[in-house]
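The structure appears below as structure tokens.
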Amino acid sequence: MSTNPDLKGIIPAILTPIDAEEKFAPASYELLLDSLYSAGVHGVYVCGQTGEGLQQTVEQRKLVAEASVKGSPKGKQVIVHVGANRTADAVELARHAGRAGATAVSALPPQGLFPFEEIRAYYREIAAACEVPFLVYYFPETCPAIRTLEHILELCEIPGVVGLKFTDYDLYRMRLLKQNGAVIFNGRDEVLTAGLLMGADGGIGTYYNVVPEMFVEIYDRAQRGNWTGARDVQDRINTFMRIALRYPQFPAVKQILKWRGIDCGGCIRPRQGLTDDQVRRFREELEFTDIRLT
């Protein structure tokens, strides 16, 4: 495993605003970046699943990466997701991210029933092209080929790989990886407090877009050893998430931001938006939480 860089903290998996033609909307993106950084986040994770990176063209993803670096204050981390279904595209995006000034890159495995040997070769090619640290994206629901702890450790031994985004509830496995020296970002929003307790260096998540200050508060309390306080904030977040998860995830997050004056547009087809009835019911249910809607 490569030498660990100073990668840590609360990193929203930032949405990608798009216009009616499904093109990147930079003005809305600037508003979203400003909102997140004003809440104290430590950086952004760009064009991941939440940012619909896999649904965008390579050229558009480059534009989003460049806007992320330009719009991030000095000292903040910009982790660019470069995963793609073609290894050549992932390699191109990784090279571009390094030249653009990204702090690190990350990549989901390609989507499909690939054996572990092909996934490992994919990660090796990306890592070889990187000029910056590389985080594997471990998400077993989307890539069953990475099945065992030994598989993950083997990927972490690839030169240039410093750790991973860990999107799973198996925090025992997370702890073992941390004990092997990996940089770990917790990827399940609803268990950030537990992930930090088990050694995660920070978190990357979808709902960080709408309640970034609460996730920052969890992180700050955890750093001070105030685990009861961190758990209390986690409970408040999870009350909100139990409602939000009744609705399509990314359209719901975009809807909350739209109510707040940050119009990120719809989602990239074939993903559909919320119906008018869903919008009405979603707002009514959120009125009973402490989530700000305007």
Side-chain angles (χ1 to χ4, degrees), residues 1 4-14 35-45 48-50 75-77 79 103-104 106 133 135-141 149 152-153 156 162-246 249 252-253 256 286 288-292:
M1 192 177 303
N4 292 348
D6 191 25
L7 290 168
K8 60 185 179 182
I10 296 302
I11 313 288
I14 190 169
S35 172
L36 295 174
Y37 284 126
S38 294
V41 304
H42 303 96
V44 288
Y45 186 90
Q49 288 192 306
T50 304
K76 299 296 185 180
Q77 301 158 73
I79 304 174
T103 310
S106 177
L135 295 166
V136 168
Y137 190 154
Y138 173 62
F139 192 178
E141 289 181 15
L149 177 66
I152 306 170
L153 289 172
C156 287
V162 298
L164 61 157
K165 179 177 186 284
F166 186 94
T167 304
D168 193 19
Y169 293 112
D170 187 348
L171 301 184
Y172 170 65
R173 175 172 287 187
M174 173 195 282
R175 181 61 186 161
L176 294 175
L177 291 166
K178 187 61 193 173
Q179 288 174 322
N180 275 275
V183 171
I184 303 280
F185 281 98
N186 181 85
R188 288 288 186 184
D189 297 15
E190 54 270 55
V191 294
L192 173 62
T193 298
L196 293 171
L197 179 62
M198 296 301 282
D201 299 279
I204 297 171
T206 298
Y207 291 99
Y208 297 27
N209 283 276
V210 292
V211 285
E213 67 288 346
M214 296 176 76
F215 286 101
V216 169
E217 188 174 358
I218 287 177
Y219 182 78
D220 288 346
R221 292 187 180 196
Q223 294 304 297
R224 298 194 300 269
N226 181 4
W227 295 107
T228 298
R231 186 183 60 204
D232 289 345
V233 180
Q234 185 77 70
D235 286 343
R236 290 166 55 208
I237 290 171
N238 290 355
T239 296
F240 154 65
M241 287 186 61
R242 280 194 294 274
I243 295 171
L245 289 171
R246 298 172 191 162
Q249 185 177 37
V253 173
I256 294 173
L286 290 179
F288 294 97
T289 72
D290 57 0
I291 303 303
R292 179 175 60 86

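Counting begins at 1 with the first residue of the sequence. The structure presented is a predicted model; accordingly, all values stated were derived computationally and were not measured.
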| task | Would you check if L135 and V183 make a side-chain contact, meaning some heavy-atom pair closer than 4.5 Å? | result | yes

| Which residues satisfy the side-chain hydrogen bond (donor to acceptor under 3.5 Å, both in side chains) test with T103, sequence neighbours excluded? | none

| task | Find the distance between CE (M241) and CD (E190) and round it off to the nearest 0.5 Å. | result | 4.0 Å

| task | Might you point out which heavy atoms bring G43 and P12 nearest each other, and give the distance in Å? | result | O-CD, 2.9 Å

| message | Does any part of the side chain of L177, heavy atoms only, come nearer than 4.5 Å to the side chain of L149, both counted from C-beta? | response | yes

| What pair of heavy atoms forms the shortest contact from R175 to M198, and how long is it? | CD-O, 3.0 Å

| query | What pair of heavy atoms forms the shortest contact from L196 to A222, and how long is it? | reply | CD1-CB, 3.8 Å

| query | Are side-chain heavy atoms of V44 and I79 found at a separation under 4.5 Å? | reply | no

| message | Checking the side chain of K178 only, and the main-chain atoms of D201 only, is there a donor and an acceptor separated by less than 3.5 Å? | response | no

| request: Could you list the residues that satisfy side-chain hydrogen bond (donor to acceptor under 3.5 Å, both in side chains) with D168, not counting sequence neighbours? | output: none

| task | Tell me, please, which residues at least two apart from E141 pass side-chain hydrogen bond (donor to acceptor under 3.5 Å, both in side chains). | result | R188

| request: State, to 0.1 Å, how close P133 and L7 come at their nearest heavy-atom pair, and which atoms those are. | output: CB-CD1, 4.5 Å

| said: Nearest 0.5 angstrom please: D290 CG to R236 CZ, how far? | reply: 4.5 Å

| query | Which residue pairs pass the ring-ring contact (aromatic ring centres under 6.0 Å, His included) test when at least one of the two sits in residues 172-208, sequence neighbours left out? | reply | Y207-F240, Y208-F215

| remark: Only residue of T206, V253, I204 satisfying side chain to side chain contact (heavy atoms under 4.5 Å, CB included) with T50 is T206

| Do the side chains of E213 and V211 get nearer than 4.5 Å, heavy atoms only? | yes

| said: Could you walk me through whether L197 and L171 satisfy the side chain to side chain contact (heavy atoms under 4.5 Å, CB included) test, starting with their C-alpha distance in whole Å, then the side-chain angles of each, then the deciding distance to 0.1 Å, before giving a yes or no? | reply: CA-CA 10 Å; L197 179 62; L171 301 184; over 6 Å; no

| query | By ring pair (Phe, Tyr, Trp, His ring centres under 6.0 Å), which residues pair with F166, not counting sequence neighbours? | reply | Y138

| Spacing of CG belonging to N226 relative to CD belonging to E217, to within rounding of 0.5 Å | 9.0 Å

| field | Check: D189 main-chain N/O paired with Q234 side-chain donor or acceptor under 3.5 Å | value | yes

| message | How long is the straight-line distance from CG of L192 back to OH of Y219, given to the nearest 0.5 Å? | response | 10.0 Å

| request: Could you check L286 against I256 for side chain to side chain contact (heavy atoms under 4.5 Å, CB included), going step by step and ending with a plain yes or no? | output: CA-CA 10 Å; L286 290 179; I256 294 173; 4.1 Å; yes

| query | Are any of the side-chain heavy atoms of I237 and I218 separated by less than 4.5 Å? | reply | yes

| Are any non-hydrogen side-chain atoms of Q49 and Q249 less than 4.5 angstrom apart? | no

| request: Kindly say whether I10 contributes a backbone atom to a donor-acceptor pair with the side chain of H42 at under 3.5 angstrom? | output: yes

| Where is the tightest heavy-atom contact between P212 and V41, given as atom of each residue plus distance? | CB-CG1, 3.7 Å

| field | By ring pair (Phe, Tyr, Trp, His ring centres under 6.0 Å) - contacts of Y37 (at least two apart) | value | none

| message | Within the 4.5 Å heavy-atom criterion, are I14 and N209 side-chain neighbours or not? | response | yes

| Quick one: CG on N186 to NZ on K165, what's the gap to the nearest 0.5 Å? | 8.5 Å

| request: Determine whether more than 12 heavy atoms belonging to other residues, nucleotides or ligands lie under 6.0 Å from atom NZ of K76. | output: yes

